[in-house]
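Shown next, in structure tokens, is the structure this report addresses.
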Number of protein chains: 2
Amino acid sequence: MKSNGTAAKPYHHGNLKDALLQAARQMLEEEGHSNISLRKCAVAVGVSATAPQNHFANKTALLTALAAQGYADLQAYMRKDLPDGANQSSRRKAALLGYVAFAQDHPALYELMFARDRVSSSDADLLHNVGACFVILADIAKGFGTFQGDETKTDAKQQMFIWSFVHGYAQLLTANRFKKDDMQGMTVLDIIPELGN
Amino acid sequence: MKSNGTAAKPYHHGNLKDALLQAARQMLEEEGHSNISLRKCAVAVGVSATAPQNHFANKTALLTALAAQGYADLQAYMRKDLPDGANQSSRRKAALLGYVAFAQDHPALYELMFARDRVSSSDADLLHNVGACFVILADIAKGFGTFQGDETKTDAKQQMFIWSFVHGYAQLLTANRFKKDDMQGMTVLDIIPELGN
DNA sequence: ACTTCATATGTGCACTGTAAACTTTTTCTT
DNA sequence: AAGAAAAAGTTTACAGTGCACATATGAAGT
């Protein structure tokens with residue numbers, strides 16, 4: 001091709017994979033994960049309709065990458081206001097508020113992160129980032145509440161409880177399942193019943 | 001058409017709407033809600049590819065009907081072992097176990113019931129059935145735990161807590177997000193921390 | 001009998017994901 | 001520096017999909 005005055009678009013995009021993820025993420029937030037289209041992403045980025053195939057084996061692979069990115073962001077939200085050496089209670093509060101803030105800021109992404117039939121849950125990247133989130137949750141769950149029965153499982157119970165609760169709250173909140181006037185001036189923290197400690 | 005030996009299929013199906021819902025539900029459990037196709041449902045029921053249009057305005061309408069059906073079933077699961085005049089604690093336990101059992105028995109349906117971009121949350125039938133579930137939840141939430149702050153909102157807090165917790169648990173459980181060996185011989189009830197009462 | 005209407009069929013279209021063959025550019029090897 | 005190999009684009013092809021629209025069928029009401 002001969003060069004003319006206007007800058008000729010290079011044959012190779014240079015950073016197509018990231019560009020596609022970015023376009024997909026925007027489409028995700030705007031139209032929901034079931035309305036994402038690889039072709040639309042490709043066109044949005046200024047590339048041919050089937051170019052994404054070079055970077056993602058299939059649609060699931062792209063959605064999985066998006067979900068993995070989501071877990072990384074969730075981790076960042078939880079860490080954002082996490083005080084370093086402070087007491088366990090204030091650390092817990094900060095992380096929970098961060099968790100919910102993430103779900104509120106990125107509701108469609110948060111939903112995708114738990115959509116079993118759209119992401120491949122065995123993906124290495126995904127698992128890695130999920131694990132990183134779980135580390136934080138396990139950390140802040142320590143010393144929370146008392147449980148009956150097998151005491152060797154106390155840690156597990158604390159983790160399962162706190163993750164169940166905050167996940168459920170985040171999803172019901174973003175799905176508008178709570179009554180609006182109940183929510184006036186409330187945060188997650190107000191909904192946790194008082195426990196022994 | 002002339003009649004021959006084999007029984008001639010009547011032109012009208014007779015109960016197509018229900019038949020489609022049933023086929024869709026089976027496809028849902030087998031392949032997940034993002035792999036449901038109206039045309040496949042139609043063919044499965046033995047009718048032309050576009051026949052469903054007479055009964056469902058669009059795909060969302062069918063999925064919404066499916067979700068509404070799901071809330072009705074969830075309600076039945078919660079009520080199944082609900083003792084009548086017994087004390088609040090045992091009523092609560094029975095309903096929670098029923099809730100989780102439903103999610104485990106119908107994980108894909110349960111996921112659809114919270115898929116914001118696939119069901120129209122303003123549908124009258126859906127709202128009605130959601131409301132019926134919420135009545136049970138509000139009932140069993142009464143007298144659960146103690147909360148700080150505005151006492152006029154205690155009921156709301158109890159409801160929001162218990163729904164958040166059980167929903168989160170059910171979804172994390174069906175999404176296999178809990179470690180298998182942590183789960184040995186555990187139920188939802190084991191994960192609820194001991195409260196004042 | 002005639003009309004009416006709900007319910008079915010068939011056709012057509014834009015859009016989707018994916019496979020496959022080909023082209024262009026970059027990178028590696030010698 | 002030259003040619004081979006690999007990477008990253010393109011185009012074409014195809015089976016599905018949801019939906020709009022025109023048409024056909026049969027049952028029910030007059």
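The sequence lines fix the lettering, A, B, ..., with proteins before strands; numbering per chain opens at 1.
When distances are taken from the side chain of Gln53(B) to each of dT10(D), dT7(C), dC21(D), the shortest belongs to dC21(D). The side chain of His55(B) has dT7(C) as its nearest neighbour among dT9(C), dT7(C), dG17(C). Here the nucleotide nearest the side chain of Arg39(A), chosen from dA8(C), dT10(D), dG17(C), is dG17(C).
Each of Gln22(B), Glu30(B), Glu29(B) was checked for a side-chain contact (heavy atoms from CB on, under 4.5 Å) with Gln26(B), and the lone residue meeting it is Glu30(B).
Using a 4.0 Å cut-off between charged side-chain N and carboxylate O, Arg91(A) and Asp139(A) make a salt bridge. Using a 4.0 Å cut-off between charged nitrogen and carboxylate oxygen, Arg25(B) and Asp73(B) count as a salt-bridge pair.
No N or O donor and acceptor, one from the side chain of Asn54(B) and one from the base of dA6(C), sit under 3.5 Å apart. At a cut-off of 3.5 angstrom, counting only N and O atoms as typed in the model, there is a donor on one side and an acceptor on the other between the side-chain of Thr50(B) and the base of dG10(C). A donor and an acceptor atom never sit less than 3.5 Å apart when one is taken from the side chain of Asn58(A) and the other from the base of dG17(C).
The separation between Arg118(A) atom CZ and dG17(C) atom C1' is 11 Å, rounded to whole Å. Computed from coordinates, the Lys59(A) NZ to dC15(C) P distance equals 15 Å when rounded to whole Å. For Phe56(B) and dA20(D), the CZ to C1' distance is 19 Å, given to the nearest whole Å. Between the NZ atom of Lys17(B) and the P atom of dA6(C) there is a distance of 14 Å, given to the nearest Å. Protein atom CG of Asn15(B) is 18 Å distant from nucleotide atom P of dA6(C), rounded to whole Å.
Using a 4.0 Å heavy-atom distance criterion, Leu62(B) is classed as making no nucleic acid contact. The residue Ser37(B) sits close only to the backbone: its heavy atoms come under 4.0 Å of sugar-phosphate atoms, none of a base.
Side-chain rings of Tyr99(A) and Tyr77(A) stay apart, their centers remaining 6.0 Å or farther from each other.
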